[in-house]
Amino acid sequence: MVKLPEWRGKDVFRKYGLPTPKGQVVKSADEVEGAIRSGAVPLPCVVKAQVLAGGRGKGGAVRFANTVEEARAATTAILGLEFKGERVREVLLEEKLSIGRELYLALALDRTARQPILMTSSSGGVEIESVADDAIDRQPIHPFPGLVAYQRRRAARSLRLDGDLAKQLDRLLGSLWKAWEGEDAELVEINPLGVVGDRLVALDAKVIVEDDAAFRHPEYAEVRDDRTPLEEIAREEEIAFVQLDGTIGVIANGAGLTMATLDVLKELGGDPGVFLDLGGTDDPKKVAQAFLLMAKAKPRAVFLNIFGGVTRCDTVAKGLIEAREAIPEGERFPLVARIRGNREKEGVELLRGAGVTSVPDLRASAEAVIAAAGARR
Amino acid sequence: MVKLPEWRGKDVFRKYGLPTPKGQVVKSADEVEGAIRSGAVPLPCVVKAQVLAGGRGKGGAVRFANTVEEARAATTAILGLEFKGERVREVLLEEKLSIGRELYLALALDRTARQPILMTSSSGGVEIESVADDAIDRQPIHPFPGLVAYQRRRAARSLRLDGDLAKQLDRLLGSLWKAWEGEDAELVEINPLGVVGDRLVALDAKVIVEDDAAFRHPEYAEVRDDRTPLEEIAREEEIAFVQLDGTIGVIANGAGLTMATLDVLKELGGDPGVFLDLGGTDDPKKVAQAFLLMAKAKPRAVFLNIFGGVTRCDTVAKGLIEAREAIPEGERFPLVARIRGNREKEGVELLRGAGVTSVPDLRASAEAVIAAAGARR
Amino acid sequence: MSVLVDRGTRVVVQGITGHQGTVHTRQMREFGTQVVAGVTPGKGGTRVEEVPVFDSVRDAVSATGANASCIFVPAPFAKDALLEAVDAGIRLAVIVTEHIPFHDMLVMYHYARERGTRIIGPNCPGIASPGGSKVGIIPNVVFRPGRVGVISRSGTLTYEIVNGIKEHGLGQSTCIGLGGDPVVGTSFVDALPLFESDPDTDLLVLVGEIGGTAEEEAAEYIRRSFSKPVVAYIAGRSAPPGKRMGHAGAIISRGKGTADSKVAALEGAGARVARFPYEVPLMVAELAAARVRA
Amino acid sequence: MSVLVDRGTRVVVQGITGHQGTVHTRQMREFGTQVVAGVTPGKGGTRVEEVPVFDSVRDAVSATGANASCIFVPAPFAKDALLEAVDAGIRLAVIVTEHIPFHDMLVMYHYARERGTRIIGPNCPGIASPGGSKVGIIPNVVFRPGRVGVISRSGTLTYEIVNGIKEHGLGQSTCIGLGGDPVVGTSFVDALPLFESDPDTDLLVLVGEIGGTAEEEAAEYIRRSFSKPVVAYIAGRSAPPGKRMGHAGAIISRGKGTADSKVAALEGAGARVARFPYEVPLMVAELAAARVRA
């Protein structure tokens, strides 16, 4: 998931002709005066922390300013925040608008119908999860003709917009659909969509671009996401890697098996700390790379659980042996291995040569690694 | 049909990124020198009459020039031509390219499959009707995903293009498809598509935009077509009107009935001269307008054949009576009427009041109008 | 029985508040059609000819159980109207509107077909089964219940011929006007099997015209799979090439679509092809009489 | 009998000249699959593992009568490969490729479905029926002919469980790996009816995971329409919300897609849900034994 920060989401909106407030993003308080003096940010203005978490309003991450000085002060204050674990690095200054109604509008994926779904609600401005189900209108959109006129009319009715506002919504939905397709989005959300006098304005912007379409969007290569630094490295190395709270690192092959391994550890009283899915590979170097990454996460013990298919047991054993030598002294960890399937015998043999015994029973091996990791933190 | 002249077709091609020769259109010989001196037209150049008919090469409507003087002389000569009944008003000057192979490429409508069809042939540069059927590859294109990559690869194979030329074709076909959709074309044809060294170049351009999509293309409102002046007026008045060679004007309602009426006249030895389909209307003014237009075509006699449905018989009778008074003395014509169907009695009554007798039998009425028109010219 | 429509057909009229929509709603009701709803966005809650009007086809279907639509919406908006009807579950859509760009119709055709909705038209007079139901604009007066099926690319010419059949003392089972556009939802070959399997149809009248190859394909189908007698008429024998004769689809282009080719194909398939339109009812009467004797 | 594939399945491998394509062509042949053709544009006329290679699927189908495709084409080109297969008349397409953008997959899914082609995957290990045919990459060694059906969103975890079934002396009728993406061609509810009507399947193993609501929908289907015993396992009970656990589809978002919800739904539908993966074969063996006694 490439979650765009609000200001970048609004840049996307403008690219597709969606109406947004006037504004500018700044990275330091020194930029505030210029942004206002140049006319890019009219006064009074709103000062918003550019973080991915919701609930900024209540959390003090959104403030108001009537003068350059107030805007500067608010920016300084917000840039000093750590909001829900995320350091604020950017602040968006925007014109303060006089908002009438607040509406909700989003395009998301309906997995079951295999269609995008247009969600509209006249109860905007709050988290959509808190809105009653029957207060949200849902329209599946067929990918071929796309979001067509009658669906846009229905959206206008559900939002109780008519006359020129309904016409504005019609155009806005056309743009929203183009943004959904053009950006390979998995979510495009406007919450709230404000009725500002006789205009509709996207007051917030949430755009999530799907990871698998990254090859079509080099422009988002450097978008900071809510990944940890190690997860960021893993992403670059194309390793499926998730950091959790526990102490036991799990290296397995295949998402399902890796998840199941974590689950087994947890059920048996263990405390999994890293999810590392090797995927399908027959390159020992790739396996070694994964072990080195795991070492950096400093687990108390590591569980290697392989069922060989595309990824052969001997390939994994070779990679492990290669990695062991490269791991710095301070990062070494106890290892319990269970390797089965394609080339099991060869892999077990290789491991034994390196002093590692493969325990074929899943429960027994899981219990061994839990013991090796010691008591919960 | 809005048939674009070659130079305008090439403008369309450039808009969609299709490769065309350098060139400029001129309307007088005085523009030639400027076109060449400015670099818009490199020497040596080709000088081509901008007419809609084919076979220009053999007809002396395409010439070559090595110098400004020759280009000027060729332009003067061509601007003086009347080519297959069409006066040449514009001339296209283009760089003369050294052409290797000549290929054929077109998108057209397959009515039966209800799909666009991509036609490719390595026998380009001649009229496609003269190419053997099995030398043309035909691929139906589904309107939803459009012209996709595997179909572009097959086109390259059928044209025997590979390497970089195949890549160029791939891009070119992407553009061709966008032109087909974006211009609401009923035909986009490149004949020939030239292999010029290591490049593909559209040496000719035939773009026909469909009439019914005119509301989406105001830019083509003034494109001169192969309509007669009266047909042009009819088009503006939204009357279906075709001028033929004969002496009897036919006014009927509905395309099928109007055609059938012409056929009946012809079968019975008459000589139909105007096809005028009133269409469905309940406005006597619209009917009167049609009669006034018919008068301008100066038929020797007119056959009014109405089967009332949406268009009521009394409406037609009222329109006729209104028109009769407005038609100038010199343009009046003998009329035979046959009106049947919806409000037949009222219509017949009104006509009788105006001194016109409706003959209910089609054959008898057709014979009457043939007699009224007199011998064939 | 009849083809595609019957007394159970429940029609929603899209564009009911327009002049054409209103006039033909009245005439459909006079014919005996169950017109259960109308749709005009923004006019929901009103009534036209006693028929309730809704803002959307979805609302109309859920309130009235409409299963067929008659579309009078202007050309620029017709595509949207059809997609709306299909998405609302309408199974039969008769599109009367003319001048719909064929690029739009390509999308409409494939979208509808892939969801099992049949389109008749566009630019067509619709379908009628005397004593049953009519969806479209064919004048009520030309009909009389009977056993002659009619399929045609024309409008008025069809009325003329259908009326002639009535004047010869016969009647029609179902009459379908397919429409005069180059891209139509239902072509002759789509309609022929329906009449082949319709026990109420004894013989078929096919009215074609120049342009395209729909009649040639019909001939091929008739030759191979159609068991009932066919009387045909082709309009446009005198039409010059390259000119659109009123209908967008009626044009001889690049040597294709001539009347001669169509007449030859139909005669080759065993159809009787009339030289004059007024011969059609005569031929029909003859064949009907032969059938009674047989 | 089996589900979707059998000895009559004739496979074309799209992307056969790539490393994965070649390796798995060999393994499919070793399994007993009729791999009749490969396709790699520009490599037509060559051979891979004795299998003739063509430039297009159309050529491959017309030369070899292929009726199923196994797609290894890289993600950016996978959409085109699938459309090509559909247009060439392929009825079953197994897409092994991972990381296909779901926007592409939406187009692929609807295009295929509207033309009657079934997609399995993408990002899936494919389908295998021991003693019959395999289309995909599941290791041959885990199988043994038998009467247990398996459907799963996982790859390796499925191998583990299928292997466990074998080690308990039982075998499989057909095993389908549906794939781990948010948009898949065949979901549990699409696959369940196939196993319900398969006379060779006595009981079913369903392996799900967090993310989406496919398991909940499967539970609803099982409750209403599935008559055979079901043993289920759900991976991801310990996964935190908001994180993609390896599979693009394995994410708990906005409170939806938790393991608890899936387990509850399946148990509510009468399935036996295992806490540990190694319990699955035990439960299967128990049910099989009960069936034999009954």
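Note on naming: letters A, B, ... go to the chains in the order of the sequence lines (proteins, then strands), and numbering restarts at 1 for each one.
Proximity to chain A is absent for every atom of D:Val141, based on heavy atoms less than 4.5 angstrom apart. With a threshold of 4.5 angstrom between heavy atoms, D:Asp190 approaches chain A through side-chain atoms but not through N, CA, C or O. Using a 4.5 Å cut-off between heavy atoms, D:Glu114 contacts chain A through its side chain alone, with no backbone atom that close. Proximity to chain A is absent for every atom of D:Ile161, based on heavy atoms less than 4.5 angstrom apart. Heavy atoms closer than 4.5 Å to chain A are found in the backbone of D:Ile100, but not in its side chain. When heavy atoms are compared at a cutoff of 4.5 Å, A:Glu210 approaches chain D solely by way of its side chain, counted from C-beta outward. The part of D:Tyr109 that comes within reach of chain A is its side chain, from C-beta onward, which places non-hydrogen atoms under 4.5 angstrom from that chain. Both the backbone and the side chain of D:Pro101 come within less than 4.5 Å of a heavy atom of chain A. The contact between D:Val142 and chain A is made entirely by side chain atoms (from C-beta outward), counting heavy-atom distances below 4.5 Å. If you measure heavy-atom distances from D:Ser187 to chain A, the contacts under 4.5 Å come from both the backbone and the side chain. Only the side chain of A:Arg340 comes within less than 4.5 Å of a heavy atom in chain D; its backbone stays farther off. Both the backbone and the side chain of A:Glu186 have a heavy atom closer than 4.5 Å to some heavy atom of chain D. Interface remark: A:Arg216 contributes side-chain atoms only to the contact with chain D (heavy atom separation under 4.5 Å). Only the side chain of D:Gln20 comes within less than 4.5 Å of a heavy atom in chain A; its backbone stays farther off. Heavy atoms of D:Tyr111 lying under 4.5 Å from chain A belong to its backbone as well as its side chain.
Geometric assessment of A:Arg363 against the ring of D:Phe276 yields a positive cation-pi assignment under the 6.0 Å and 45° thresholds.
For the residue pair D:His103 / A:Asp212, no side-chain donor-acceptor distance below 3.5 Å is found, with atom types taken as modelled.
Distance check, rounded to the nearest 0.5 Å: CG of A:Asp361 to OH of D:Tyr278 gives 7.5 Å. In this structure, CZ on A:Arg114 lies 14.0 Å from CZ on D:Phe102, to the nearest 0.5 angstrom. To the nearest 0.5 angstrom, D:Glu216 atom CD is 9.0 Å from A:Thr112 atom OG1. One finds the OG atom of D:Ser238 at 9.5 Å from the CZ atom of A:Phe275 (value rounded to the nearest 0.5 Å).
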Going through the distances and angles, do D:Lys256 and A:Glu129 end up as a salt bridge (charged side-chain N to carboxylate O under 4.0 Å, His left out)?
CA-CA 11 Å; D:Lys256 289 277 171 70; A:Glu129 288 78 4; over 6 Å; no
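Looking at D:Arg244 and A:Asp277, no side-chain N of the basic residue comes within less than 4.0 Å of a carboxylate O on the acidic one, giving no salt bridge.
Ranked by non-hydrogen atom pairs under 4.5 Å with chain A, the options D:Ala259, D:Ala248, D:Gly249, D:Ala250 are led by D:Gly249. Interface summary for chain A: among D:Thr213, D:Asp104, D:Ile137, D:Leu157, the most heavy-atom pairs under 4.5 angstrom belong to D:Leu157. In terms of non-hydrogen atom pairs under 4.5 Å with chain A, the most contact-rich of D:Arg237, D:Glu217, D:Glu160 is D:Glu160. The candidate from D:Pro277, D:Gly236, D:Ala239 with the greatest count of non-hydrogen atom pairs under 4.5 Å with chain A is D:Gly236. Per-residue counts of heavy-atom pairs under 4.5 Å with chain A were compared for D:Pro125, D:Gly246, D:Gly155; the largest is that of D:Gly246.
Atom NZ of A:Lys286 is surrounded by more than 12 heavy atoms from other residues, nucleotides or ligands within 6.0 Å.
D:Arg113 meets the side-chain hydrogen bond (donor to acceptor under 3.5 Å, both in side chains) test with no other residue; sequence neighbours excluded.
Between A:Leu244 and D:Lys243 the shortest side-chain heavy-atom distance does not fall below 4.5 Å.
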